[in-house]
Amino acid sequence: MTVTQDYIEHKFKEFNVLIFDGKLKPLPVRLSCARTFLGQLRYRRVHSLIGGWKFTDFQLVISRKLDMDERLLEDTVIHEMIHYYILSHQMRDTSAHGTIFRRMMTDINERFGRNISIRHRITDEESEKDMEVRRHLICVSRFADGSLGITISARTSIFCLWKELPCLPNVVECTWYMSLNPYFNRFRRSRTPKIYRIDKDELEQHLVSAVRLIKEGNVIRSL
Ligand SMILES: [Zn+2]
């Protein structure tokens, strides 16, 4: 479903009354283009007048780039509201998703039939829904044992990576491609020489329409 700021604000109000006894103050809601998280609570940590830390300047950020269904979107909002409840009440949890967080989450899941989890990262299933067409600069590295890995280069880093990737241990060959296939949206763009292991058949299947890139002096062009 399409995420709008109004919708998130509306859900925040609804869940604040229903789940959090109206104990959360309104906060700014922002939509983000991030593909690496569904939701995020942003805040600042400042020195408190009475010593220690105080959490302040909260913002609720929800990704609009991922096609979440309504349930997942609601669960994502509630997940961030639990963080907000803990931090805005200046409670100290054992970690980001510590004892207090887990207790509240379990309680809400049971009482309201929700399916909130502690993961923030994007699952494969969600990545598969990201179908926007973008240009990917892809280096396929072959390792000494015959397995393959890929690196999606940030546009500005291609010259660096072109030079550095072949120098990594066990890399015997690097081949570059340009592809518009949304399959590659799920990989984070690299500025540093890092390689994701990938299944050979899966990769070949998605590289079918890709264009080979070659480098001649200071120019990279399609073959
Ligand atoms: Zn969280």
Side-chain angles (χ1 to χ4, degrees), residues 32-42 61-69 72 75-76 79-80 95-98 101-102 115-223:
S32 150
C33 298
R35 292 182 173 78
T36 48
F37 64 83
L38 302 173
Q40 213 174 52
L41 181 74
R42 296 197 184 147
V61 184
I62 300 290
S63 170
R64 62 175 166 79
K65 279 290 174 185
L66 297 151
D67 186 20
M68 289 186 250
D69 63 34
L72 178 59
D75 285 348
T76 301
H79 176 119
E80 300 312 326
S95 65
H97 301 109
F101 186 96
R102 281 160 200 258
N115 194 23
I116 305 157
S117 68
I118 56 165
R119 81 188 156 76
H120 276 264
R121 299 208 32 115
I122 308 308
T123 64
D124 284 350
E125 192 194 329
E126 284 139 23
S127 301
E128 267 153 30
K129 291 182 186 160
D130 178 3
M131 294 304 284
E132 190 181 315
V133 173
R134 284 178 281 153
R135 197 169 71 133
H136 301 289
L137 302 168
I138 305 161
C139 178
V140 176
S141 300
R142 193 160 56 80
F143 295 100
D145 65 1
S147 62
L148 297 180
I150 62 165
T151 308
I152 312 291
S153 172
R155 200 175 47 82
T156 50
S157 304
I158 187 166
F159 284 99
C160 273
L161 294 179
W162 199 292
K163 201 167 77 187
E164 289 169 7
L165 285 167
C167 304
L168 291 186
N170 292 318
V171 171
V172 292
E173 190 187 25
C174 287
T175 317
W176 283 83
Y177 298 90
M178 197 280 284
S179 169
L180 299 173
N181 187 339
Y183 167 79
F184 295 104
N185 292 1
R186 71 196 63 197
F187 300 97
R188 205 180 277 239
R189 288 169 183 231
S190 301
R191 296 176 195 288
T192 53
K194 255 188 283 180
I195 301 178
Y196 294 91
R197 292 273 179 175
I198 188 165
D199 178 75
K200 204 171 179 169
D201 292 339
E202 185 175 341
L203 178 63
E204 276 169 6
Q205 175 195 336
H206 288 105
L207 275 180
V208 170
S209 58
V211 175
R212 267 287 297 280
L213 296 177
I214 55 165
K215 183 167 166 292
E216 288 175 330
N218 286 328
V219 179
I220 290 171
R221 64 170 184 82
S222 57
L223 190 65

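Because only heavy atoms are used, hydrogens play no part in the values below, and waters and symmetry mates are left out as well, while side chains stay in.
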Practice task
Establish, for the pair Arg197 and Phe143, whether the NZ or CZ atom is under 6.0 angstrom from the six-membered ring centre and no further than 45 degrees off its axis.
Solution key: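 Yes, Arg197 sits over the ring of Phe143.
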Heavy-atom closest pair, residues [X] and [Y]:
X: Ser63; Y: Met68; result: O-CE, 3.6 Å
X: Thr151; Y: Lys194; result: OG1-O, 2.9 Å
X: Ser141; Y: Ile195; result: OG-CD1, 3.5 Å
X: Leu161; Y: Ser190; result: CD1-O, 3.6 Å
X: Pro166; Y: Trp162; result: CD-O, 3.3 Å

Exercise for the section: Determine, stepwise, if the pair Ser153 / Arg189 fulfils side-chain hydrogen bond (donor to acceptor under 3.5 Å, both in side chains). Expected result: CA-CA 5 Å; Ser153 172; Arg189 288 169 183 231; over 6 Å; no
Handout entry: side-chain contact (heavy atoms from CB on, under 4.5 Å) between Leu165 and Trp176, intermediate numbers included
Key = CA-CA 11 Å; Leu165 285 167; Trp176 283 83; 3.9 Å; yes
Quick one: are [X] and [Y] in side-chain contact, heavy atoms under 4.5 Å?
X: Ile214; Y: Ile220; value: no
X: Glu173; Y: Thr175; value: yes
X: Leu137; Y: Leu213; value: yes
X: Leu72; Y: Thr76; value: yes

Handout entry: Member of Asn181, Asn185, Ile150 meeting the side-chain contact (heavy atoms from CB on, under 4.5 Å) criterion with His136
Key =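 Of the listed options, the one satisfying the test is Asn185.
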Completion exercise
dist Glu80:CD -> Ile116:CD1 (nearest 0.5 Å) comes out at 10.5 Å
Practice task
Answer yes if the side chains of Arg64 and Ser32 hold a donor-acceptor pair under 3.5 Å, and no otherwise.
Solution key: no
Exercise for the section: Evaluate side-chain hydrogen bond (donor to acceptor under 3.5 Å, both in side chains) for Arg191 paired with Thr156, printing each intermediate quantity in order. Expected result: CA-CA 8 Å; Arg191 296 176 195 288; Thr156 50; 3.2 Å; yes
Practice task
Just say parallel, tilted or perpendicular for the rings of Tyr183 and Phe187, cut-offs at 30° and 60°.
Solution key: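 Plane angle over 60°, so perpendicular.
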Practice task
Could you tell me whether the side chain of Ser179 and the main chain of Leu207 form a donor-acceptor pair under 3.5 Å?
Solution key: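 Such a contact is absent between Ser179 side chain and Leu207 backbone.
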Handout entry: Backbone of Val61 reached by a side-chain donor or acceptor of Gln40 within 3.5 Å
Key =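 No, because the side chain of Gln40 does not come within donor-acceptor range (under 3.5 Å) of the backbone of Val61.
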Handout entry: Close aromatic pair by centroid cut-off 6.0 Å: His97 and His79
Key = yes
Handout entry: Stepwise side-chain contact (heavy atoms from CB on, under 4.5 Å) test for Ile138 and Met178
Key = CA-CA 6 Å; Ile138 305 161; Met178 197 280 284; over 6 Å; no
Exercise for the section: Hey, could you give me each pair passing side-chain hydrogen bond (donor to acceptor under 3.5 Å, both in side chains) that has a residue in residues 212-223? Not counting sequence neighbours. Expected result: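 Those involving residues 212-223 are Glu216-Arg221.
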